[in-house]
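FYI, side chains are in, hydrogens and waters are out, and symmetry mates aren't considered; it's all heavy atoms of this structure. Residue numbers begin at 1 in each chain, while the letters A, B, ... track the order of the sequences.
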Amino acid sequence: MRILLLHSNYIEYRAIKKEIDIAEESDTDLKRYEDIVVLFTCLESQDDENTIINSLSEIKSSLDNLNCSRIVVYPYSHLSDNLAKASKAVFLLNQFKDSLSAEGNDVQSSPFGWNKSFTISVKGHPLAEQLKIITSGSTETYQNDALKSEERLESKYIIMSVDGNTESVEKFNFNNYKNLKALQKYELSKSRVVTSHPPHVELMKKLSLVDYEPGSDSGNLRFYPKGRFIKSLLERYVTSQVKKYGALEVETPIMYDSNHPSLASYLNRFPARQYTVNSDNKELFLRFSACFGQFLMLHDSIISHKQLPVKLYELTRYSFRREKSGELVGLRRLRAFTMPDCHALCKDIEASKTEILKRFTLSRDVLQGIGFNQDDYELAIRVTQDFYDENVDFIKQIAKDWNRPIFIEIWPEKFFYFVFKWEFNFIDNLGKASALATDQIDVENAERYGITYVDDNGDKKTPIILHNSPSGAIERCLYALLEKAAKDQREGRTPSIPFWLCPTQIRIIPLSQDFHEVSLGYLEELSNSGLRVDFEDRDLSVGKKVREAEKEWIPFILVVGKNEVESKKFQVRDRYSGEMIVMSLSELTDHCKQLLNDMITEELPLPRFISDRPQFK
RNA sequence: GCUUCGGUAGCUCAGACCGGUCAGAGCGCUUGCCUUGUAAGCAAGAUGUCGAGGGUUCAAAUCCCUCUCGAAGCUCCA
C-alpha cells in the first residue's frame with residue numbers, strides 16, 4: 001500500500017468518466033475541500049487487512065503532527081506498478097476509510113475507478129509532503145534525510161558551571177544570569193510572544209546605514225556609504241586578526257557545479273536552501289559558506305604533518321542561503337551575507353582540541369575589539385554524547401577559561417558532520433538568540449573531499465577539519481551593535497556605536513559664517529592626527545546644527561565661536577559621557593586616540609562639507 | 001513556506017469600517033530673509049502611478065481577487 005500524504009490548502013476535483021465496470025457511483029460536480037490532508041492512496045497486490053491496520057497508526061501519527069483531522073482519500077493507482085485487483089482494492093479502501101472515520105476524522109473521498117481531474121495547493125512546511133509505503137509487516141516513511149534524522153534527535157540540555165559541575169537546565173539557578181536564561185528559554189520554549197519590531201531595523205534606516213532593496217531578492221540588502229564604511233572596517237579588522245593568528249587568506253568562486261561528485265553528496269545532506277544558477281547546460285549553486293572552495297583547494301594540496309595545523313581563511317562576500325521568506329529579519333538573518341570563514345586542518349582530535357582553544361581566545365578578542373563585552377553574549381556548546389563522555393575534561397577547561405556558566409546541548413548521536421561546536425550567542429531586545437562566533441570539529445568532510453596529509457611514515461592520513469568564524473557574519477555584528485545601542489536607549493542611556501566605527505568622529509560647527517575660515521584650520525589640524533572630522537557648513541541655527549549632529553550619533557561636537565578662537569579651549573559635547581568637556585584640540589586628540597585603542601583607521605567616507613552630501617534616505 | 005497585520009510625498013503618518021471637493025499634515029527638499037552660543041529661527045514654493053495588476057461600480061486610495069515587499073507568530077537556522 002502506498003500513500004502520498006499532502007497537507008493542502010485546498011483540493012478541487014471533478015469526476016469525469018467511469019473507467020472500469022465496478023467503479024463507485026458518483027456525480028460529476030466540482031468538489032472543493034479546504035485546509036485538508038489529501039491521501040493519494042494506492043493498494044498493491046500483496047496488501048491485506050493487516051496492511052490497513054498498519055496504515056492507520058501511521059496516518060494517525062502524521063495527522064497528530066499536522067494537527068488536522070480532515071482527510072480526503074483519493075484513490076490513485078499511479079503510485080505503483082504492482083496494483084491490487086480492483087475488487088480487492090475497493091474492499092480494502094472502504095475498510096481504510098471506515099477505520100479513519102471511526103477514529104473521529106472527517107473523511108471525504110473521491111470515487112474509485114473514475115477518470116478525474118484535480119487541482120491541489122500544498123502547504124509549504126517540511127512535513128506537508130510524505131510518502132508512506134505500508135506492508136502487512138512493516139512500515140516505512142520516506143522523508144528528506146536531514147529532516148528524518150533531526151526528528152530522531154532528542155537532545156539533552158545542561159548547564160556547566162565554572163568549576164565544571166553540571167546541572168540540568170531545570171534545576172540550574174539562573175538568577176544572576178539573565179542572558180543565559182534568555183538563551184535557554186529561546187532554545188527550549190516553543191512559544192515566544194513578541195509584539196514589537198526588531199529595533200535595529202529602524203536604526204539601520206534612520207542612521208542611513210542599510211536598507212532593504214526591493215529590486216533584489218528578499219534578504220539581499222543595500223548598504224549606503226556609512227553602512228558600507230562600517231562594514232568595511234569590520235571586514236578589515238576581522239581579516240587582519242585572523243591573519244595574525246596564522247591563517248592564509250585565499251579567494252574561491254561563489255558558485256559551484258551541483259553535479260561535482262564531492263559537492264553533490266554534501267548538498268544532499270541538507271534541504272534545498274541554495275540559490276541555483278543555470279548557465280549553458282550547467283546547474284550551478286551559490287555557495288553557502290567558504291567550505292566548498294577551500295575543501296576543493298585542500299584536496300589538491302600536498303600537506304605534510306610537519307605543516308599542521310594548516311589554516312585557510314576567506315571572507316566570503318557573499319555567502320548565500322535561501323532562507324524561507326518568513327525567517328528573514330533585517331540584518332540578523334539574510335539570504336546574502338558576509339562571512340569570515342577560517343578552516344584548520346589538524347592531525348587528530350587531540351591536536352584539534354589544542355587548536356580549538358586558540359581560536360576560542362581569538363574569537364573572544366575579535367568580539368572585544370569590535371566593541372562587545374563578555375556580558376553581551378553567552379557561550380553554548382553542542383556536542384555528541386560520545387565526544388562529551390570522552391572529552392569532558394576539555395569542556396571543563398573551556399568552562400574555566402570562560403569563567404561563567406555554559407549552556408550545553410548533548411546530542412545522542414552525530415547528526416551533522418561535526419561532533420563538537422561552540423557558539424557565542426548574542427541576545428537581542430526581543431529575547432532572541434543569534435550566534436556570532438562559532439567553531440566546529442568536523443570529522444566527515446576531509447574524507448568526503450579526499451583531503452589528506454602525509455604522516456611521518458609517508459602514509460596518507462585523513463585530518464580533522466575545524467570550521468571557525470571568529471566574529472560570525474559581519475552583517476550580524478552590525479545587527480548586534482545596533483541592538484546593543486537600542487538597549488541603551490531603552491534603558492535611558494544615550495545610544496552610540498564604538499568610536500573606531502563611527503563614520504564621523506568629530507563634527508565642527510561654526511557659530512556663523514564669520515568663523516568658517518578659522519574652523520577649517522581646526523578641521524585640518526584634527527584630521528591630520530588621523531581622526532575623521534567633518535564640517536557643518538550649512539546656514540542653519542546653531543541649535544539645529546547640533547541637533548543634526550546628535551541625530552547622526554557623532555561622538556564629539558565642537559561649536560566654534562569668538563570664545564573658542566580667543567581661548568583655544570573648546571566646549572566639547574561628548575556623546576559617550578553625555579557631558580560638555582572643556583579641552584584644547586590636542587587634549588581632544590589624545591582623548592580620541594585613547595578611545596581608538598589602536599583599532600584600524602580609515603578616511604572619512606563622505607565629503608567633509610555637509611552641504612556636499614546627498615541624502616540617502 | 002503557512003497564519004495574521006501592514007505598504008498613501010524622501011521620512012513619520014491622517015484619510016479606508018461608511019466608495020462621491022481626500023490627494024492631506026508635519027518634517028525634509030528648493031528659494032529668499034535672518035547671522036545665529038549647544039537637540040527644531042521665519043516665510044514662500046515644488047513634490048505623489050495612494051506597492052503592482054485585474055475586477056465590481058456612473059464613480060475606487062477606500063470594496064473584491066491575484067501578485068509583490070515588510071513585520072510578528074509558526075517553522076527553520078549546514
Side-chain angles (χ1 to χ4, degrees), chain A residues 7-9 35 66-67 121-129 146-147 150 186-187 190-198 201-202 205-206 208 211-219 266-274 287-289 291-292 319 321-330 332-335 337 339 341 415-418 421 423 425 430 432-435 438 440 442 444-445 467 473 476 494 507 509-516 536 538-552 554 557-564 570-573 575 580 614-617:
Chain A
H7 191 199
S8 308
N9 298 310
D35 197 16
L66 297 170
N67 198 16
S121 160
V122 179
K123 292 183 187 282
H125 61 82
L127 295 176
E129 301 169 301
L147 281 174
E150 195 161 357
Y186 183 76
E187 292 281 336
K190 281 287 161 199
S191 140
R192 297 175 217 121
V193 184
V194 175
T195 46
S196 50
H197 290 196
V201 174
E202 197 187 332
K205 294 180 182 185
K206 218 172 226 167
S208 214
D211 210 337
Y212 294 113
E213 176 51 76
S216 180
D217 190 25
S218 307
Y266 191 28
L267 280 180
N268 285 341
R269 287 210 62 165
F270 303 107
R273 285 278 173 114
Q274 289 82 250
R287 67 176 173 197
F288 43 81
S289 71
C291 297
F292 311 99
S319 288
R321 294 184 194 174
R322 218 177 48 90
E323 309 291 7
K324 287 189 277 179
S325 58
E327 294 163 0
L328 301 169
V329 187
R332 175 171 179 250
R333 205 146 145 84
L334 297 164
R335 284 185 174 169
F337 55 94
M339 188 70 140
D341 210 344
F415 166 45
F416 296 116
Y417 51 75
F418 44 86
K421 84 183 281 201
E423 300 157 1
N425 284 284
L430 308 182
K432 304 211 180 238
S434 20
T438 179
Q440 304 165 353
D442 170 358
E444 263 184 23
N445 280 310
H467 300 238
R476 192 170 273 187
T494 310
R507 171 153 303 165
I509 298 178
L511 193 62
S512 70
Q513 279 164 358
D514 297 339
F515 298 98
H516 272 209
E536 177 60 273
R538 291 177 298 181
D539 183 16
L540 303 167
S541 68
V542 175
K544 186 63 176 275
K545 289 190 271 201
V546 170
R547 177 178 151 84
E548 294 283 318
E550 293 285 6
K551 276 168 67 183
E552 287 185 54
I554 293 170
I557 303 169
L558 274 70
V559 174
V560 176
K562 193 164 154 242
N563 301 339
E564 287 75 15
F570 299 80
Q571 287 205 47
V572 179
R573 277 179 88 110
R575 188 173 188 84
M580 296 278 262
Q615 278 187 22
F616 297 94
K617 264 196 171 178

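Straight-line distance from the CD atom of A/Gln615 to the C1' atom of B/rU47: 14 Å, rounded to whole Å. Atom P of nucleotide B/rC34 and atom CG of A/Asp514 are separated by 14 Å, given to the nearest angstrom. Here the P atom of nucleotide B/rA78 and the CD atom of A/Gln274 are 13 Å apart, to the nearest Å. If you measure from atom CD of A/Glu548 to atom C1' of B/rA40, you get 9 Å, rounded to the nearest angstrom. Rounded to an integer number of Å, the gap from A/Phe292 CZ to B/rA78 C1' is 9 Å. Residue A/Arg507 contributes atom CZ, which lies 19 Å from atom P of B/rG37 at whole-angstrom precision. For A/Lys545 and B/rU38, the NZ to P distance is 13 Å, given to the nearest whole Å. The OH-P distance, from A/Tyr186 to B/rU75, rounds to 10 Å in whole Å.
B/rC50 sits 13 Å from B/rC13 when the C1' atoms are compared, rounded to a whole Å. Straight-line distance between the C1' atoms of B/rU8 and B/rU3: roughly 26 Å, to the nearest whole Å. Between the C1' atoms of B/rG28 and B/rA9, the separation comes to 11 Å (whole Å). Nucleotides B/rA52 and B/rC11 have their C1' atoms positioned 22 Å apart, rounded to a whole Å. With C1' as the reference atom, B/rA46 and B/rC2 are 45 Å apart, rounded to whole Å. Comparing B/rU62 with B/rG20, their C1' atoms are spaced 11 Å from each other, to the whole Å. Between B/rA78 and B/rU4, the distance separating the two C1' atoms is 30 Å to the nearest Å. Rounded to the nearest Å, the gap between the C1' atom of B/rG10 and that of B/rG48 is 11 Å.
By the side chain to side chain contact (heavy atoms under 4.5 Å, CB included) test, A/Val329 pairs with A/Pro198, A/His200, A/Arg332, sequence neighbours left out. Remark: A/Lys421 pairs with A/Glu423 by the side-chain hydrogen bond (donor to acceptor under 3.5 Å, both in side chains) rule, at least two apart or across chains. For A/Arg547, the side chain to side chain contact (heavy atoms under 4.5 Å, CB included) partners at least two apart in sequence or on another chain are A/Lys551. A search for side chain to side chain contact (heavy atoms under 4.5 Å, CB included) contacts involving A/Lys206 returns A/Glu202, not counting sequence neighbours. Listed by chain and residue number, nothing satisfies the ring-ring contact (aromatic ring centres under 6.0 Å, His included) test with A/Phe337 (two or more places apart in sequence, or in another chain). Remark: A/Gln571 pairs with A/Met580, A/Val582 by the side chain to side chain contact (heavy atoms under 4.5 Å, CB included) rule, at least two apart or across chains. A/Arg476 is linked by a salt bridge (charged side-chain N to carboxylate O under 4.0 Å, His left out) to nothing, counting only residues two or more places apart in sequence or in another chain.
Of all nucleotides listed (B/rU75, B/rC69, B/rU38), B/rU38 comes nearest to the side chain of A/Met580. Closest approach to the A/Gln440 side chain among B/rA39, B/rG73, B/rA78 is made by B/rA78 (side chain taken as heavy atoms from C-beta onward). Of the candidate nucleotides B/rG1, B/rA78, B/rC77, B/rC77 has the atom nearest to the side chain of A/Arg333. Checking B/rG73, B/rG1, B/rU38 against every side-chain atom of A/Lys324, the shortest atom distance belongs to B/rG1. Nearest to the side-chain atoms of A/Leu511 among the listed nucleotides B/rA72, B/rG37, B/rA78 stands B/rG37. In the set B/rA40, B/rG37, B/rC76, B/rG37 carries the atom at the smallest distance from any side-chain atom of A/Lys562. Listed nucleotides: B/rG1, B/rG73, B/rC29. Nearest to the side chain of A/Lys432: B/rG73. When distances are taken from the side chain of A/Arg547 to each of B/rA39, B/rG37, B/rC29, the shortest belongs to B/rA39.
Figure legend. B/rG73 is base-paired to B/rC2; pairs are counted as Watson-Crick or G-U wobble with both atom distances under 3.5 Å. Using N1 to N3 plus N6-O4 or O6-N4 for Watson-Crick, or N1-O2 and O6-N3 for G-U wobble, each under 3.5 Å, B/rU30 pairs with B/rA44. Under the Watson-Crick or G-U wobble criterion, with both distances below 3.5 Å, B/rA25 is paired with B/rU12. Base-pair partner of B/rC63: B/rG55 (Watson-Crick or G-U wobble, both distances under 3.5 Å). Nucleotide B/rC18 is matched to nothing when pairs are restricted to Watson-Crick or G-U wobble geometry with both distances under 3.5 angstrom.
Although no hydrogens or angles enter the test, the distance criterion places a donor-acceptor pair under 3.5 Å between the side chain of A/Arg335 and the main chain of A/Glu323.
In terms of phosphate contacts, A/Lys205 brings no side-chain nitrogen or oxygen within less than 4.0 Å of OP1 or OP2 of B/rA71.
For the pair A/Leu558 and A/Tyr212, nearest-nucleotide mapping onto RNA chain B gives the more 5' position to A/Leu558. Looking at which nucleotide of RNA chain B each of A/Val546 and A/Ser218 is closest to, the 5′-most match is held by A/Val546.
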Atom pairs, protein N/O to nucleotides 6-11 of chain B N/O, distance under 3.5 Å:
{"residue": "B/rC11", "atom": "OP1", "partner": "A/Lys617", "partner atom": "NZ", "Å": "3.4"}

Which protein N or O atoms sit under 3.5 Å from an N or O of nucleotides 41-46 of chain B?
{"residue": "B/rG41", "atom": "OP2", "partner": "A/Ser541", "partner atom": "OG", "Å": "2.6"}

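Atom NZ of A/Lys562 and atom CG of A/Asp514 lie 12.0 Å apart (nearest 0.5 Å). The line from CZ of A/Phe288 to CG of A/Asp341 is 11.0 Å long, rounded to the nearest 0.5 Å. In this structure, the separation between CZ on A/Arg321 and CG on A/Leu328 is 13.0 Å, given to the nearest 0.5 Å.
Put simply, the side chain of A/Glu564 and the base of B/rG37 share a donor and an acceptor less than 3.5 Å apart. At a cut-off of 3.5 angstrom, counting only N and O atoms as typed in the model, there is no donor on one side facing an acceptor on the other between the side-chain of A/Arg321 and the base of B/rC77.
The only option from A/Lys545, A/Arg507, A/Arg575 that meets the salt bridge (Lys or Arg N to Asp or Glu O under 4.0 Å) definition with A/Glu552 turns out to be A/Arg507.
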